[in-house]
Amino acid sequence: MAEYRPEEIESKWQKVWEERGIFRVSEDPDKPKYYVLEMFPYPSGRIHMGHVRNYTIGDVIARYKRMRGFNVLHPMGWDAFGLPAENAALKHGVHPADWTYDNIDYMRRQLRRLGFSYDWIRELATCDHEYYRHEQLFFIQMLERGLAYRKKTLVNWCPSCHTVLANEQVEDGACWRCGTEVIQREMEGWFFRITAYAEELLAGLEKLRGKWPEKVLTMQRNWIGKSEGAEIEFAVEGFPERITVFTTRPDTLYGVTFLSLSPEHPMAERLAERAGLTQALADFRERCRRARREIEEGLAEKEGLFLEAHAIHPLTGARVPIFAANFVLMEYGTGAVMAVPAHDQRDFEFAKKYGLPIKVVIQPEDRDLDPEQLEEAYEAPGIMVNSGPFTGLPSEDAKRAVVEHLEKEGLGRRRVTYRLRDWGVSRQRYWGCPIPVIYCDRCGIVPEKPENLPVKLPLNAQLDEAGRSPLPKLESFVKTTCPRCGGPARRETDTFDTFVESSWYFARFACPEAKDPLDREKAHYWLPVDQYIGGIEHAILHLLYARFFTRVLRDLGYLDLDEPFERLLTQGMVIKEPYRCPKHGWLYPEEVSPEGTCLKEGCGEKVIVGRPEKMSKSKCNVVDPDEMIRRYGADTVRLFMLFAAPPERDLEWSDHGIEGAYRFLKRLYQLVKERAGELWEVKAYAGDGRDLSPELRALRRKTHQTIRKVTQDLEERLHFNTAIAAVMELINFLEDTLKKVSPNEPALQPVLKETLRTVVLLLAPMTPHLCEELWEALGEEGLISEAAWPSFDEEAAREEEVTIVVQVNGKVRDNLRLPPGADEETVREAALASPKVKRHIEGKTIRKVVFVPGRLINFVVA
RNA sequence: GCCGAGGUGGCGGAAUUGGUAGACGCGCUGGAUUCAGGAUCCAGUGGGGAUACCCCCGUGCGGGUUCGAGUCCCGCCCUCGGCACCA
């Protein structure tokens, strides 16, 4: 019996694909285009199961669309700048470039072994100056348009990575990469004006409804954080300047009893100076910066510093004290808040702590608020009280009325504020794209001339042992001449956030050889990406930056689209249960006995099996793709990744599960190989089925039903697990049929050929190597990778008989096999003839009959 | 606290529009084959009662709508994810 040898089959077909270059694409006006993209990997060394899953899903879509006649762009590249390269360099004494390129070579081989249908000609690595030079040009152009700028501000500093992080890159107050708590630090750096696009980025989400996961849309919406309200100006006693506050509750204006300023607010500084509190304020500001994490998590108690100054209420003229408060952020709104303790919980707590007055200006309908008795702020709407001319209005209406009044008086205006902050892109790191600006003592900040690009990252740098960037000390890099005046000048030594590279790589894939950053025509042909696939961890980060950058490139004239990714699939993680011994800690599966005891040093302790979680080396619950490919072959690994769960859900790794996938492929291989000889020259059945025996007609029906089912699952839902299940069902059905049908039946071989041919075609996007092999064995022409997707015959798929469920009082009592068109009368008679039904009806009256044609009949009796 | 997703056999998961709950796979049980193990093949496999026909119960919990609810409505519990002093 033929033995399934995946390693032979797989290398054979990978070579054929490679030699014939069948996955290379170019623009073809005669075919509809389809661009499938998976988030490109960071070349960390080896691919992990998460990559395998991500890229398998993408490959199935690419191969399927190709079979459907699309001109498919399916590229792959490397997100090759980043900190791990520098860390590895320090640890192993290799240069980040060597480390990165070695990893790329290894990982490329791994991807090839999995049989992914990439157009490798388009491969790119972002650390290549032929890639990042274009990004430097974008930056210069952004600078001209004010979309990039430099400012000094409080930034998130990761002490372990020795660099600044953008707000999006801080999770729960910690660095997203290494988990170290970030500290607040005042620094100069470069920013991209993403806030200029806040409204457009928010509005664009609407168009993605139904095409992106709702969850991602919600997360982005929250992150942008639009809120509508008003700016209101307060005069300051003894000062010419006014303090402008932002509020979403102008209706509570009459309830203001004090103002809170951010400790970073310039006015706080001025007031403190006058009151001789400069040192006190500086200390307070320092404390707030240090405790930022606690403050943001709401753990820190509210704290304030009275600045011994008063503001004048714009409408009542009342004197209200001014505080610096630890919970007021300089970066949001105006950095100043009007405090309404009766109707804002934060202000309430602050007022209680410092004994400040509480003034009720909104009354709920069902009770009376007494400021003396309040235990928490009343934040809901109600009826205005103590509010001058606005008293008696519903608070929701008063919001507008108050603002209109202020606008008339020149004391305030409507204002929309976003939570989104500008994107800080400066990184104090070596292994990244140099920011192409020069500092000249005479001319100030000067961008590099476009013709001098790229500003190459020097590869001769000696890495600093403490992990700091060597660039500032590298004279040959820093020392330069000013592009404007020709005098001596210094280069910027910060590099870009690596998210800048990944913000436009999908566009470069459309025209990787273009001399210009992008070839408008090619980009226009290929973009947008029709299907993008990647992890949910980039719900905000990469996906928001890429949406922003696409719009910038549009406004710079490079692209003519708004949204880069038409459809988005966020695949779940690959997870596995970890094992832990009370004495020896985390264990590898092979360190656990079949009885569930620890095998380390003859320990014998009962092993604790954790709930499945993300694979990580530290918990010893990783599965190595190389090892699995070696054991079972790429097709089996791919099949299991697709079969074990629908793509958006987490996938639990199972050693038994992958065995099952292997078993299935082996069975299919043997089935086809056994029959291949006799079927070689047989033509697939092409009749109308009337000449077939009932068994063969049924097999044919199942075949066409399966084509329909698999097509739907791949086309509409991307639910590969149910598609595979359907093919398995077909094979089970085929084997049952073979047992029932005489081998001499003349139509057997054509029908069998049709079925096997179909099975192989349907599985081809998922397990391409095996299917090429079986396609060839069946005597079919050409490569299955280039074959057309099968179409189904509606007539052949139609059931000759349908199952009609018979219920009595809603309980299933029997089922009938009848022709699909059977009318109520026929069904009713057949149903009443059934003894199983009779038993439940006898002696009772039929009150009602519910008939659903082709499905069911229900007798309601009493 | 707010928002979102989810809760179905021993396990991963099906059930696309309110119409036979548990497809497909794993595991398990029994049998065949084998010196034996493995591999393979066959049969069974939600729970309970009867072991012959059948009957009752069953999709997190409690209500409801309906001839009929995993699916719709109301209330609650639990798990996971995101956001959270953003004025």
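Here the side chain of A/M219 is nearest to one of B/G82, B/A87, B/G25, namely B/G82. When distances are taken from the side chain of A/A725 to each of B/C85, B/C86, B/C24, the shortest belongs to B/C24. Of all nucleotides listed (B/A87, B/G19, B/C24), B/A87 comes nearest to the side chain of A/L329. Closest contact between the side chain of A/V328 and the listed nucleotides B/A87, B/U40, B/C85 involves B/A87. With distances taken from any side-chain atom of A/V812 to the nucleotides B/U16, B/U20, B/A39, the minimum falls on B/U20. For A/T218, taking side-chain heavy atoms from C-beta onward, the closest of the listed nucleotides B/C86, B/C3, B/U40 is B/C3.
Note that the CG atom of A/N815 and the CD1 atom of A/I857 stand 13.5 Å from one another [nearest 0.5 Å].
A salt bridge links A/E303 with A/R287: the closest approach of a Lys/Arg side-chain nitrogen to an acidic carboxylate oxygen falls below 4.0 angstrom. Using a cutoff of 4.0 Å between basic side-chain nitrogens and carboxylate oxygens, A/E206 and A/R209 are scored as salt-bridged. With respect to A/R413 and A/E233, a salt bridge is recorded, a charged nitrogen being found less than 4.0 Å from a carboxylate O. Using a 4.0 Å cut-off between charged side-chain N and carboxylate O, A/K702 and A/E729 make a salt bridge.
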Kindly give the atom pairs (protein nitrogen or oxygen, nucleotide nitrogen or oxygen) under 3.5 Å for nucleotides 9-15 of chain B.
from: B/G12; atom 1: O2'; to: A/A644; atom 2: O; distance (Å): 2.7
from: B/G13; atom 1: O3'; to: A/N721; atom 2: ND2; distance (Å): 3.4
from: B/A14; atom 1: OP1; to: A/N721; atom 2: ND2; distance (Å): 3.2
from: B/A14; atom 1: OP2; to: A/R649; atom 2: NH2; distance (Å): 3.0
from: B/A15; atom 1: OP1; to: A/R717; atom 2: NH1; distance (Å): 3.1
from: B/A15; atom 1: OP1; to: A/R717; atom 2: NH2; distance (Å): 3.0

I'd like a table of atom pairs between the protein and nucleotides 63-73 of chain B - only N or O on both sides, under 3.5 Å - with the distance next to each one.
from: B/C67; atom 1: OP1; to: A/K848; atom 2: NZ; distance (Å): 3.2
from: B/C67; atom 1: O2'; to: A/N858; atom 2: ND2; distance (Å): 3.1
from: B/C67; atom 1: O2; to: A/N858; atom 2: ND2; distance (Å): 2.5

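In terms of the side-chain contact (heavy atoms from CB on, under 4.5 Å) criterion, residue partners of A/E590 (sequence neighbours excluded) are, by chain and number, A/Y588. Judged as a salt bridge (Lys or Arg N to Asp or Glu O under 4.0 Å), and not counting sequence neighbours, A/R400 has no contacts. A search for salt bridge (Lys or Arg N to Asp or Glu O under 4.0 Å) contacts involving A/E794 returns A/R708, not counting sequence neighbours. For A/R631, the salt bridge (Lys or Arg N to Asp or Glu O under 4.0 Å) partners two or more places apart in sequence, or in a different chain, are A/E627. Listed by chain and number, the residues in a salt bridge (Lys or Arg N to Asp or Glu O under 4.0 Å) with A/D344 are A/R346 (sequence neighbours excluded).
Contact between the side-chain N/O atoms of A/T334 and the OP1/OP2 oxygens of B/A87 is not found at any separation under 4.0 Å.
Residue A/Q712 is classed as a base contact, given a heavy-atom separation below 4.0 Å to a base. Base contact: A/T803 has a heavy atom under 4.0 Å from a base atom. Heavy atoms of A/V245 sit nowhere under 4.0 angstrom from any nucleic acid atom. Residue-level contact check: A/G333 touches neither bases nor backbone, having no heavy atom under 4.0 Å from any strand. The residue A/R221 sits apart from the nucleic acid: no heavy atom pair falls under 4.0 Å. Using a 4.0 Å heavy-atom distance criterion, A/S654 is classed as making no nucleic acid contact.
Sorted by first and then second residue, the pairs that involve residues 653-666 of chain A and meet side chain to side chain donor-acceptor pair (under 3.5 Å), not counting sequence neighbours, are A/Y632-A/E659, A/W653-A/D655. Sorted by first and then second residue, the salt bridge (Lys or Arg N to Asp or Glu O under 4.0 Å) pairs involving residues 216-225 of chain A (not counting sequence neighbours) form an empty list.
For B/C73 and B/G82, the P atoms lie 27 Å apart once the distance is rounded to whole Å.
Rounded to a whole Å, the CD1 atom of A/I536 is 9 Å from the C1' atom of B/G82.
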Exercise for the section: Treat primed atoms plus P, OP1 and OP2 as sugar-phosphate and everything else as base, then score nucleotides 43-60 of chain B 5' to 3': B for base contact with protein heavy atoms under 4.0 Å, S for sugar-phosphate contact only, - for none. Expected result: -----------SSSS---
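The base of B/C83 has none of its N or O atoms less than 3.5 Å from a complementary donor or acceptor on the side chain of A/R419.
No more than 12 heavy atoms of other residues, nucleotides or ligands lie within 6.0 Å of CZ in A/R855, so this atom counts as exposed by the packing criterion.
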Could you give the side-chain donor-acceptor pairs of residues 645-652 of chain A under 3.5 Å, partners two or more places apart or in another chain?
from: A/E648; atom 1: OE2; to: A/H719; atom 2: NE2; distance (Å): 3.2
from: A/D650; atom 1: OD1; to: A/M573; atom 2: N; distance (Å): 2.8

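Within a heavy-atom distance below 4.0 Å of RNA chain B, the residues of residues 340-349 of chain A found are A/R346.
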